[in-house]
> 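Before I ask anything, here is the structure I am working with.
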Amino acid sequence: MALIIGIDVGGTHADGVLLDGDQVLTKNKVPVDQEKLSEAIITLLRSLLPEPPAKPGAIHLSTTLCTNAIVNDALDEVGMFIQAGPGMNPEFLNCGDHVCWLDGAIDHRGKVVKKPDQDLIDQAVARFGRERLESVGIVTKFSHRNNGHEELVHDQVKPHFAHSSMGHRISGLPNFPRRVYTTWLNAALKSRFSSFQEAMDQGLERLQLDCPCHILKADGGTIPFATAGHFPCESVHSGPSASVMGCLALTPSQEDAILLDIGGTTTDIGILAHGTPLLEPYGVTIKERPTLIRSLNTRSIGLGGDSAVALDVAGFTIGPHKLGPPMGFGGPVPTPTDAMIVLGAIEAGSRQQARAAMALLDPEQPAEEVAGQLLAAFAEQVREAVAEMIEELFDRPVYTVAALLERKKIHPREVIVVGGPAQAMAAPLGQVFQLPCTVPLHFEVANAIGSARTRATLQVSLYADTADGSLSIPETGCREKIRSYFDMEDAEKKVMEVITALAEERGIGTLPEIDFLERQEMNTVRGFRTSGKIISLKAQIRPGLEQL
Amino acid sequence: MSRCMPSAPTSTGLVLFPAFDWCISPTHPEREERLLYTKDQLIEEGLEDVNNISFFNPEIAAHHDIDRVHLCVPSSRKLLTESHLISAGGAIRAARAVMEREVEKAFAVVRPPGHHAMQTVFGDRGFCIVNIEAIMVEYIRRHYGIRKIAIVDTDCHHGDGTQDIFYNDPDTLFISLHQDGRTLYPGSGFLHESGGPSAPGYTINLPLPPETSEEGFDMAMERAIMPILDAFEPELIINSAGQDNHYTDPITNMNFTAQGYARLNRRLNPDICVLEGGYSIEGALPYTNLGIILAMAGLDTSHVREPDYDPANFVQPPEMNSYIGELCDQAVALFAGREQLRREQAEQGVVTTDKRIYYDTTGFDVRESRSYHLCPHCPGFTEITAAGLDRQVHAFSIPFNACPRCHTRAKDRFQKSSGDGHSQVVLQDRIDDLYELK
């Protein structure tokens with residue numbers, strides 16, 4: 001059985017595990033300086049290496065590099081080429097000061113309405129050059145239907161800039177503003193990611209490690225380190241995804257289930273439908289920018305063990321802020337952790353201070369009473385957020401009569417909890433959810449385990465228009481002619497071919513089961529006669545665990 | 001609330017339900033493909049992420065919601081498929097979103113449409129079986145106690161179904177502007193069709209000449225529709241937002257544009273829009289629907305232009321302008337005289353009218369006779385007999401605004417009538433919300 005190292009970098013420390021199959025051989029934790037990420041990771045890696053001559057077969061890394069760069073505004077300036085065409089006024093698009101608005105357009109069916117003006121492109125290339133920009137992003141509306149204009153601009157600007165990103169390569173989904181933001185972020189992260197990559201490569205070399213290295217994505221999957229260099233944006237928001245996959249690895253479930261990762265200041269919620277984590281319809285929203293970065297459907301609420309607590313007639317207010325450590329650890333205000341100390345669910349900390357915290361909230365009642373009520377209120381707030389998420393899932397738009405009639409609500413059968421306060425919260429959570437509540441073994445390194453056990457994901461989208469005789473698979477830049485009798489079976493075959501080739505390119509050994517999604521086939525009729533068919537089909541390797 | 005996406009000044013709900021698996025027949029204009037490109041455009045624009053724009057799935061209307069409005073023969077259960085219940089449910093969902101203040105305005109982009117469906121329903125006519133606006137209007141009245149409602153039908157075809165349903169209701173102002181009935185289906189919608197004896201002047205038809213363009217619609221809005229609406233003072237304005245006045249529509253002859261639709265909508269300022277026709281599915285609907293949505297939401301519509309849009313193509317000849325101007329004057333005069341007409345007509349006791357209704361989709365006729373039992377205090381009640389396809393219905397329909405005396409009178413009449421085995425007898429009681437059959 002191959003040995004795998006999984007690493008999850010968090011805000012203050014990085015966790016790592018060495019796994020042999022599903023057995024945890026070693027686990028470790030090191031503090032992290034976000035400015036020197038690669039050093040911390042290499043240090044952690046070294047401590048996890050198996051006894052020679054054994055060597056790890058793969059390294060899986062969930063890193064905060066890109067997320068932090070975005071949150072801290074440490075992004076590169078990007079020169080953007082944007083073709084918006086008819087529609088909403090695009091001026092709201094907020095991606096820096098270097099934007100070239102291209103004229104021309106591609107319509108909803110992928111037909112070229114008008115090519116962009118050459119002079120505009122030339123002028124922008126010169127201007128961006130003078131401004132010493134190194135990275136450019138190119139996005140057109142409907143480029144998932146026809147990438148022609150993005151490719152056209154790309155061919156011309158590529159020689160002038162170190163990095164370039166095109167919208168259609170990152171995602172085959174519709175949604176122009178998201179495509180613009182995704183492309184912009186991707187372009188703005190490229191130089192930072194490549195420095196990180198270089199530092200990591202050197203570190204790995206020093207450790208004499210030559211095994212494949214994979215980066216965790218927000219969608220509960222991995223991508224090879226080398227490929228991630230082209231799509232650094234894929235590495236954002238991988239923490240919640242590591243946590244979901246960790247829960248899944250530690251507590252395999254075939255049911256609808258709720259996954260909770262309770263931390264110091266936040267609780268991350270994930271949902272399983274029949275044991276499979278659910279995805280966001282489009283992608284993650286980061287720093288108020290909606291994107292097409294494929295992501296698991298998770299929600300973070302400002303509720304954690306160290307959240308500040310107050311009590312008034314309306315009940316407990318927990319979070320969203322943290323005002324220092326819990327009182328039991330010398331902090332200034334009562335927190336849920338204090339309640340856990342009072343109830344004996346946590347051994348550490350000053351019991352006396354924690355009791356004082358409860359007395360601050362309500363001097364009339366015994367500390368144990370207050371503590372119990374506080375944790376019940378905590379659990380109730382989690383339950384409300386979960387209920388809202390389940391409602392939102394049910395309310396996702398559908399477009400066919402069959403889909404509307406077949407909608408099913410998620411009915412969770414269990415709650416799986418990880419994170420620091422997991423054990424203390426299991427009982428109150430079980431109480432409010434009225435469901436069995438599991439805290440898996442090794443829950444404190446769940447994210448690192450999730451990172452290690454996660455397999456690669458892929459998605460490709462096919463759009464074929466037989467009236468027009470064209471086929472497009474944006475993610476691979478494929479655009480080709482098809483015959484008039486191209487049908488769904490051909491589409492499936494084509495998609496399989498492409499996804500197999502892509503899997504090979506990304507070093508995915510045995511191809512897991514491919515899901516076909518959003519199968520849609522529609523006759524186009526012109527003048528009371530069928531003129532062709534529009535076929536669209538998506539295929540994916542769904543987020544899942546590497547089979548042992 | 002994302003600061004990186006636009007915010008709609010007016011919060012707007014969208015029920016976008018293209019029903020990709022439903023058609024009248026595979027090559028019919030009302031087929032699966034109809035809203036494909038519209039959906040593609042709306043999604044690609046990123047409307048789902050615009051602050052203050054919310055998407056809702058349709059609900060499924062109950063047969064009871066249908067029976068509140070229609071007299072379906074043999075029954076709503078037999079005539080309607082789930083698709084019709086969903087389309088009506090889409091309109092209801094839009095209304096509910098507005099009435100329950102989830103949003104300020106809402107647009108039901110649903111199909112199949114409904115404005116050719118009359119009160120009696122024997123089958124499909126003009127691509128419609130049930131009138132989704134009318135079902136929505138009576139739902140609103142039933143659940144939210146709204147009385148005065150204006151429906152402005154901007155579909156290119158005369159909204160003859162909606163006109164029929166509210167013909168004798170002075171609490172519903174129905175205005176239809178459409179291509180002149182002498183040149184287009186359903187061939188009705190002239191100025192003299194102006195309301196039943198209890199509601200004269202409350203149906204306003206503006207039959208516009210073929211090739212009417214932005215200028216003509218602007219004129220109709222400014223000189224007739226807006227002044228009439230202001231005088232009526234509705235609690236709620238509904239737009240039957242058909243989009244087949246577009247210059248690229250294959251089954252009509254008008255010359256209207258996405259910019260024009262957006263402007264019309266901004267001026268009309270409807271609370272709820274319901275999609276009706278519109279069959280230029282690639283060249284018009286993606287742009288007209290987007291224009292209407294952005295206008296409702298108070299967002300900039302200046303970039304919503306068809307790829308081949310050129311303002312020079314939309315100049316009207318002066319004769320057309322003066323013709324439309326005159327039409328507007330006549331409509332305003334008709335509405336101004338409404339109260340006097342009503343007083344004159346209320347004296348008449350019972351007024352009976354007959355008509356023949358043609359069901360074009362499968363091709364058959366229904367003969368209908370309607371007796372308005374008038375009352376000086378309310379619109380009275382209506383007795384309807386209709387026969388077609390070897391079936392017959394004899395119905396007593398009590399409007400929501402009938403007085404207690406008329407309510408009782410109609411129920412008594414129903415009790416005394418007996419079905420003869422061949423004809424069903426129906427009581428449609430909108431006051432007690434009952435639909436009884438014998």
Side-chain angles (χ1 to χ4, degrees), chain A residues 84-95 105-114 141-145 173-181 281-282 285 287-290 394-405 407 520-530 533-534 536, chain B residues 1-7 14-23 26-29 31-33 35-41 43-50 55-60 81-83 86 89 250 258 281-283 286-287 290 294 299-309:
Chain A
M88 270 209 288
N89 184 339
E91 274 162 22
F92 68 88
L93 291 166
N94 176 358
C95 35
I106 287 171
D107 79 0
H108 44 77
R109 225 173 143 179
K111 285 192 194 121
V112 173
V113 174
K114 184 174 168 287
K141 198 175 274 180
F142 292 111
S143 65
H144 61 306
R145 292 286 153 80
L173 296 188
N175 199 320
F176 174 66
R178 283 181 184 260
R179 190 176 309 119
V180 171
Y181 285 135
Y282 292 101
T285 294
K287 223 168 173 219
E288 303 198 47
R289 288 184 176 83
F394 185 73
D395 286 340
R396 280 187 184 173
V398 294
Y399 301 113
T400 60
V401 174
L404 188 78
L405 299 175
R407 284 187 307 162
Q520 186 180 291
E521 186 171 7
M522 214 172 286
N523 288 332
T524 58
V525 177
R526 294 299 170 267
F528 297 94
R529 196 165 270 163
T530 304
K533 247 182 206 164
I534 288 180
S536 61
Chain B
M1 195 74 160
S2 158
R3 275 175 300 162
C4 297
M5 288 300 292
S7 287
L14 272 184
V15 182
L16 175 61
F17 195 73
F20 286 146
D21 49 356
W22 182 85
C23 66
T27 58
H28 194 280
R31 64 180 179 273
E32 296 92 335
E33 184 194 3
L35 292 175
L36 174 62
Y37 314 106
T38 296
K39 183 215 154 200
D40 283 352
Q41 185 80 35
I43 298 297
E44 174 71 352
E45 292 297 336
L47 283 185
E48 287 169 285
D49 297 314
V50 172
F55 280 61
F56 302 103
N57 279 321
E59 48 193 56
I60 302 169
T81 66
E82 272 150 343
S83 307
I86 291 171
I281 61 179
E282 270 189 80
Y287 308 105
L290 179 62
L294 295 183
L299 289 162
D300 184 3
T301 56
S302 62
H303 292 242
V304 186
R305 284 159 195 262
E306 302 80 353
D308 61 351
Y309 179 78

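Every chain is numbered from 1 and lettered A, B, ... according to where its sequence line falls, protein lines coming before strand lines. For the numbers below, each heavy atom of this structure counts, side chains included, while hydrogens, waters and symmetry mates do not.
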> How close do B:C4 and A:N94 get, heavy atom to heavy atom, and via which atoms?
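Heavy atoms only, the tightest pair is SG-ND2, 4.1 Å.
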> Between A:H108 and A:F142, how do the two ring planes meet: parallel, tilted or perpendicular, split at 30° and 60°?
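Taking A:F142 first and then A:H108, their aromatic rings stand perpendicular (interplane angle over 60°).
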> How many angstroms lie between CZ in B:F17 and CD in B:E59, if you round to the nearest 0.5 Å?
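Spacing of CZ (B:F17) from CD (B:E59) equals 12.5 Å.
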> Mark yes or no for whether A:R145, through its side chain, and A:D107, through its backbone, hold a donor-acceptor pair below 3.5 Å.
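No: the side chain of A:R145 does not pair with the backbone of A:D107.
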> Report which part of A:P397 has an atom under 4.5 Å of a heavy atom belonging to chain B: side chain, backbone, both, or neither.
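Interface part for A:P397: both.
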> Could you tell me which portion of B:L16 (side chain, backbone, both or neither) has an atom closer than 4.5 angstrom to a non-hydrogen atom of chain A?
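Its backbone and side chain both get close to chain A.
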> Tell me, side chain or backbone of A:A402 under 4.5 Å from chain B's heavy atoms, or both, or neither?
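Contact with chain B involves both backbone and side-chain atoms of A:A402.
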> Below 4.5 Å from any heavy atom of chain B, which atoms of A:N89 appear? Answer side chain, backbone, both or neither.
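Both parts, backbone and side chain.
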> Check whether B:V50 gets within reach of chain A through its side chain, its backbone, both or neither, counting any heavy atom under 4.5 Å.
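It is the side chain, since no backbone atom gets that close.
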> Rounded to the nearest 0.5 Å, how far does OH of A:Y399 lie from CG of B:D21?
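So the CG of B:D21 and the OH of A:Y399 are separated by 14.0 Å.
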> Should the pair A:R526-B:E282 be classified as a salt bridge under the 4.0 Å nitrogen-to-oxygen rule?
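The answer is yes: the pair qualifies as a salt bridge.
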> Pick from B:Y287, B:F56, B:F55: which one has the most heavy-atom pairs with chain A under 4.5 Å?
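Going by pairs under 4.5 Å, I would pick B:Y287.
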> Among B:E45, B:H28, B:M5, single out the residue with the greatest number of heavy-atom pairs under 4.5 Å to chain A.
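So the answer, after comparing B:E45, B:H28, B:M5, is B:E45.
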> Heavy-atom distance under 4.5 Å to chain B: side chain of A:V398, backbone, both or neither?
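When you check distances to chain B, atoms from both the backbone and side chain of A:V398 fall under 4.5 Å.
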> Under 3.5 Å, is there a donor-acceptor pair between the side chain of A:R179 and the main chain of A:L173?
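Yes, A:R179 side chain to A:L173 backbone: donor-acceptor pair under 3.5 Å.
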> So which of A:A403, A:G85, A:A105, A:G87 has the biggest tally of heavy-atom pairs under 4.5 Å with chain B?
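Greatest number of close heavy-atom pairs with chain B: A:G87.
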> Can a donor-acceptor pair be found, under 3.5 Å and without considering hydrogens, that links the side chain of B:E32 to the backbone of B:W22?
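It does not hold such a pair.
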> How long is the straight-line distance from OG1 of A:T530 back to CD of B:E33, given to the nearest 0.5 Å?
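Reported to 0.5 Å precision, the distance equals 9.0 Å.
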> Tell me, out of B:L290, B:T301, B:I86, who's got the most heavy-atom pairs with chain A below 4.5 Å.
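The candidate making the most pairs under 4.5 Å is B:I86.
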> Chain A: which of B:Q41, B:R3, B:E306 shares the most heavy-atom pairs with it under 4.5 Å?
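Going by pairs under 4.5 Å, I would pick B:R3.
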> Using a cut-off of 6.0 Å, state whether more than 12 heavy atoms not belonging to B:E82 lie near its atom CD.
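Result for CD/B:E82: open.
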> Quick one: does A:K141's side chain have a donor or acceptor within less than 3.5 Å of a partner on A:P86's backbone?
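At least one qualifying donor-acceptor pair exists.
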> Need one label for B:P286: side chain, backbone, both or neither, based on atoms under 4.5 Å from any heavy atom in chain A.
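Just the side chain, heavy atoms under 4.5 Å.
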> With only heavy atoms counted, which part of A:M88 is less than 4.5 Å from chain B, the side chain, the backbone, both or neither?
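When you check distances to chain B, atoms from both the backbone and side chain of A:M88 fall under 4.5 Å.
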> Tell me, for B:D49 versus chain A, whether the close heavy atoms (under 4.5 Å) come from the side chain, the backbone, both or neither.
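Only the side chain of B:D49 comes within 4.5 Å of chain A.
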> Given heavy-atom pairs under 4.5 angstrom as the criterion, report whether the side chain, backbone, both or neither of A:R396 touches chain B.
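For A:R396, backbone heavy atoms alone lie under 4.5 Å from chain B.
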> Less than 4.5 Å to any heavy atom of chain B: does that hold for the side chain of A:K533, its backbone, both, or neither?
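A:K533 has no heavy atom closer than 4.5 Å to chain B.
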> Please look at B:P58 and chain A and tell me whether the side chain, the backbone, both or neither of the residue comes under 4.5 angstrom of a heavy atom of that chain.
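Interface part for B:P58: both.
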> As an exercise: rank A:L93, A:T524, A:T285, A:I534 by heavy-atom pairs under 4.5 Å with chain B and give me the winner.
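Sorted descending by pairs with chain B, the first entry is A:T524.
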